[in-house]
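Model, not experiment: these values are computed from the prediction.
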Amino acid sequence: MHLSGGALPRPAETRIMVVANQKGGVGKTTTTVNLAASLALHGARVLVIDLDPQGNASTALGIDHHAEVPSIYDVLVESKPLSDVVQPVRDVEGLFCAPATIDLAGAEIELVSVVARESRLQRAISAYEQPLDYVLIDCPPSLGLLTVNALVAGAEVVIPIQCEYYALEGLGQLLRNVELVRGHLNPRLHVSTILLTMYDGRTRLASQVAEEVRTHFGSEVLRTNIPRSVRISEAPSYGQTVLTYDPGSSGSLSYLEAAREIALRGAIPQQEQHSPEGTQ
Ligand code: ATP
Ligand code: MG
C-alpha cells in the first residue's frame with residue numbers, strides 16, 4: 001500500500017509542536033493524531049503527548065488509557081520519566097503516544113503547589129533519551145496550567161481553526177498567552193502553523209472565514225485546508241487515524257499534504273506575531 005508519498009526531509013533537531021486553541025471542538029485532537037501519523041508514515045519518529053484529560057488523542061491512536069495505565073499525569077505530577085509511560089502505536093511504525101487518563105483532570109489544581117509547575121513537561125521531554133523528529137502535544141480546550149506546560153515545552157504553536165462563524169473569536173487571548181510565555185518563560189516559542197479544518201468548499205461562509213484567516217495571518221496558514229469528512233470523524237471509533245482507516249480518502253490525503261508542507265517548511269525562524277483585528 002502506497003501511503004507515504006515518499007520520505008520527507010527530517011528536521012535537524014526535534015520539532016516540538018503544541019496544538020492549541022482554547023475553543024472546543026475545532027479539530028485539535030484530529031489534527032494532532034493525523035499529522036503525527038502522516039509524519040510517521042513519511043519515515044519520521046513521532047511522539048504524541050496527550051495533554052487533555054478527555055484522552056481523545058489516546059483513544060484515536062488505539063492506546064489503552066484506563067485509570068491504572070501509567071500516563072502523562074504521572075510524569076507531570078509524580079515526576080515519572082516520560083519513557084515509563086510512552087507506548088508504541090499499533091499499525092504505524094515510528095509513532096508513539098504518552099496517554100492521558102482521567103487523573104489528569106486533577107492536575108490543573110495539583111500542579112499549583114508543585115515546584116516549577118510551568119516547566120514540568122519541558123523537563124520531562126528534555127530528559128527523554130529516545131531519538132525523535134517530532135513531538136506533537138494535544139492541548140485541552142483551555143488556557144490553564146496544562147496548556148502553559150505545553151507552551152513552555154514547545155517551540156512551535158499549531159493552531160487549528162474551524163471554518164465557521166466566530167472562528168477568530170478568542171484567538172487574541174491565545175496569541176497573548178503565547179506572547180506572555182515567550183516573554184517570560186520560553187523565548188523560542190512562536191506560532192508557526194495555522195491549519196483550516198472542517199472546510200466545506202460548498203459554503204460561502206467557509207471560504208469567507210478562510211480568506212479572513214489568510215488575511216490576518218498570512219504565511220503561517222498552510223495552503224492545504226482539511227475538508228469536512230465523515231471518514232475523519234469515524235476513524236477514532238476504530239482506534240485509528242484516518243491514515244490507516246481509509247488511506248485513499250480526501251481527509252487522509254489532506255493531512256498527508258499538510259504534513260508535507262510542515263516538513264518542508266522545516267523549523268521556521270521566529271517571526272513577529274500579530275493579533276487578528278476584531279478578536280479579543
Ligand atoms: P476538544 O476541544 O474537545 O479537545 P478538539 O479541538 O480536539 O476538541 P476534535 O476532537 O479533533 O476537536 O474534533 C471535534 C469533532 O469534530 C470530533 O467529533 C471530530 O471527529 C470531528 N472532526 C474533526 N475534524 C473533522 C473533519 N475534518 N471532518 C469531519 N469531522 C471532523
Ligand atoms: Mg481534543
Please lay out, stage by stage, how Y255 and T31 fare under the test side-chain contact (heavy atoms from CB on, under 4.5 Å).
CA-CA 8 Å; Y255 270 112; T31 294; 3.0 Å; yes

Sorted by chain and number, sequence neighbours left out, side-chain hydrogen bond (donor to acceptor under 3.5 Å, both in side chains) with D91 holds for none

Could you give all pairs that pass the salt bridge (Lys or Arg N to Asp or Glu O under 4.0 Å) test and reach residues 223-237, with sequence neighbours left out?
R231-E234, R231-D246

So, the side chain of H66 versus the backbone of D64: is there a donor-acceptor pair under 3.5 Å, distance only?
no

Working note: T147 + L51, criterion side-chain contact (heavy atoms from CB on, under 4.5 Å); need CA distance, chi angles, decisive distance, verdict.
CA-CA 8 Å; T147 298; L51 210 58; over 6 Å; no

Are I49 and V69 linked, directly or through intermediate hydrophobic residues, by side-chain heavy-atom contacts shorter than 4.5 Å (ILVMFWY only)?
no

Nearest heavy-atom pair of A150 and V18: which atoms, and what distance?
O-CG2, 3.2 Å

Would you find a donor on one side and an acceptor on the other, under 3.5 Å apart, between the side chain of T197 and the backbone of V26?
yes

Under the salt bridge (Lys or Arg N to Asp or Glu O under 4.0 Å) test, residues paired with R10 that sit two or more places apart:
D133

Looking at L145, is its backbone amide N or carbonyl O close enough to the side chain of E108 to form a donor-acceptor pair, meaning the two atoms are under 3.5 Å apart?
yes

Taking the side chain as C-beta and beyond, is there a heavy-atom pair between R90 and I63 under 4.5 Å?
no

Give a yes or no on whether L185 and L189 share a hydrophobic cluster (residues Ile, Leu, Val, Met, Phe, Trp, Tyr; joining criterion: side-chain heavy atoms under 4.5 Å apart).
yes

Taking every heavy atom of V77 against every heavy atom of A107, the minimum-distance pair comes out as CG2-CB, 4.0 Å

At what distance, to the nearest 0.5 angstrom, does CG of L243 lie from OG of S252?
4.5 Å

For the residue pair L104 and I72, establish whether any side-chain heavy-atom pair is separated by less than 4.5 Å.
yes

When you measure from the side chain of N225 to the backbone of P227, do you find a donor-acceptor pair of N or O atoms at a distance under 3.5 Å?
no

Donor-acceptor contact present, side-chain T241 to main-chain A37, <3.5 Å
no

Counting only N and O atoms by type, is there a donor-acceptor contact under 3.5 Å from the side chain of K28 to the main-chain atoms of P160?
no

Test side chain to side chain contact (heavy atoms under 4.5 Å, CB included) applied to T32 and L61, D50, V158, V19, the passing residue
V19

Does the side chain of P99 come within less than 4.5 Å of Q87's, by heavy atoms?
yes

Spacing of NE2 belonging to H216 relative to CD1 belonging to I161, to within rounding of 0.5 Å:
9.5 Å

Can you list everything that forms a ring-ring contact (aromatic ring centres under 6.0 Å, His included) with Y245? Sequence neighbours excluded, please.
Y238

What heavy-atom pair brings A40 and V92 nearest, and what distance separates the two atoms?
CB-CG1, 3.7 Å

Just to verify, what does E164 make a salt bridge (Lys or Arg N to Asp or Glu O under 4.0 Å) with, not counting sequence neighbours?
K23

Rounded to the nearest 0.5 Å, how far does CZ of R45 lie from CG of L39?
14.0 Å

Among N56, T59, D138, exactly one meets side-chain hydrogen bond (donor to acceptor under 3.5 Å, both in side chains) together with T29. Which residue is that?
D138

Sorted by chain and number, sequence neighbours left out, side-chain hydrogen bond (donor to acceptor under 3.5 Å, both in side chains) with E118 holds for none

Find out if a path of hydrophobic residues (ILVMFWY) with successive side-chain heavy-atom gaps under 4.5 Å connects V75 to V112.
yes

Taking N34 for the side chain and T30 for the main chain, is one N or O donor matched with an acceptor at less than 3.5 Å?
yes

Is it the case that more than 12 heavy atoms not belonging to R214 sit under 6.0 Å from its CZ atom?
yes

Shared hydrophobic cluster, Y73 / V115 (ILVMFWY, side-chain heavy atoms < 4.5 Å)
no

Just checking L264: does its CG atom have more than 12 heavy atoms from other residues, nucleotides or ligands closer to it than 6.0 angstrom?
yes

Can you tell me if E257 and T224 form a side-chain donor-acceptor pair at under 3.5 Å?
no

Spell out, yes or no, whether M198 and L253 are grouped together once hydrophobic residues are joined by side-chain heavy atoms under 4.5 Å, including indirect joins.
no

Assess the residue pair I125 and L82 against the criterion (side-chain contact (heavy atoms from CB on, under 4.5 Å)); give the C-alpha distance rounded to whole Å, side-chain angles, the decisive distance to 0.1 Å, and a yes or no.
CA-CA 7 Å; I125 294 174; L82 191 53; 4.1 Å; yes

May I ask you to decide whether E179 forms a salt bridge with R182, counting only side-chain N to carboxylate O separations under 4.0 Å?
yes

Minimum heavy-atom distance between L171 and I159, given as atom pair plus value:
CD2-CG2, 3.8 Å

Are C97 and V89 close enough that some pair of their side-chain heavy atoms sits under 4.5 Å apart?
yes

For the side chain of T244 and the backbone of Q240, is there at least one donor-acceptor N/O pair under 3.5 Å apart?
no

Spell out, as yes or no, whether a donor-acceptor pair under 3.5 Å connects the side chain of H65 to the backbone of A100.
yes

Would you mind reporting whether S71 and D74 have side-chain heavy atoms less than 4.5 Å apart?
yes

Without hydrogens or angle criteria, can the side chains of S192 and R15 be said to hold a donor-acceptor pair below 3.5 Å?
no

Taking all non-hydrogen atoms of both residues, which atom of A36 and which atom of V48 are closest, and how far apart?
CB-CG2, 3.4 Å

Could you grab the distance from atom CG of N149 to atom SG of C139, nearest 0.5 Å is fine?
9.5 Å

Heavy-atom side-chain proximity of V209 to L168 below 4.5 angstrom:
no

Derivation of the side-chain contact (heavy atoms from CB on, under 4.5 Å) call for M17 and V135:
CA-CA 6 Å; M17 311 184 84; V135 177; over 6 Å; no

Any side-chain heavy-atom pair of I226 and L196 under 4.5 Å:
no

Quick check: do L146 and L76 have side-chain heavy atoms less than 4.5 Å from each other?
yes

Residue pair I16 / G154: nearest heavy atoms and the distance that separates them
CG2-CA, 3.5 Å

Here the gap from Q122 atom CD to N186 atom CG, rounded to the nearest 0.5 Å, amounts to 7.5 Å

Any side-chain donor near an acceptor of the partner, Y199 and Q162, under 3.5 Å:
no

Out of curiosity, S126 OG to L121 CG, how far, rounded to the nearest 0.5 Å?
9.0 Å

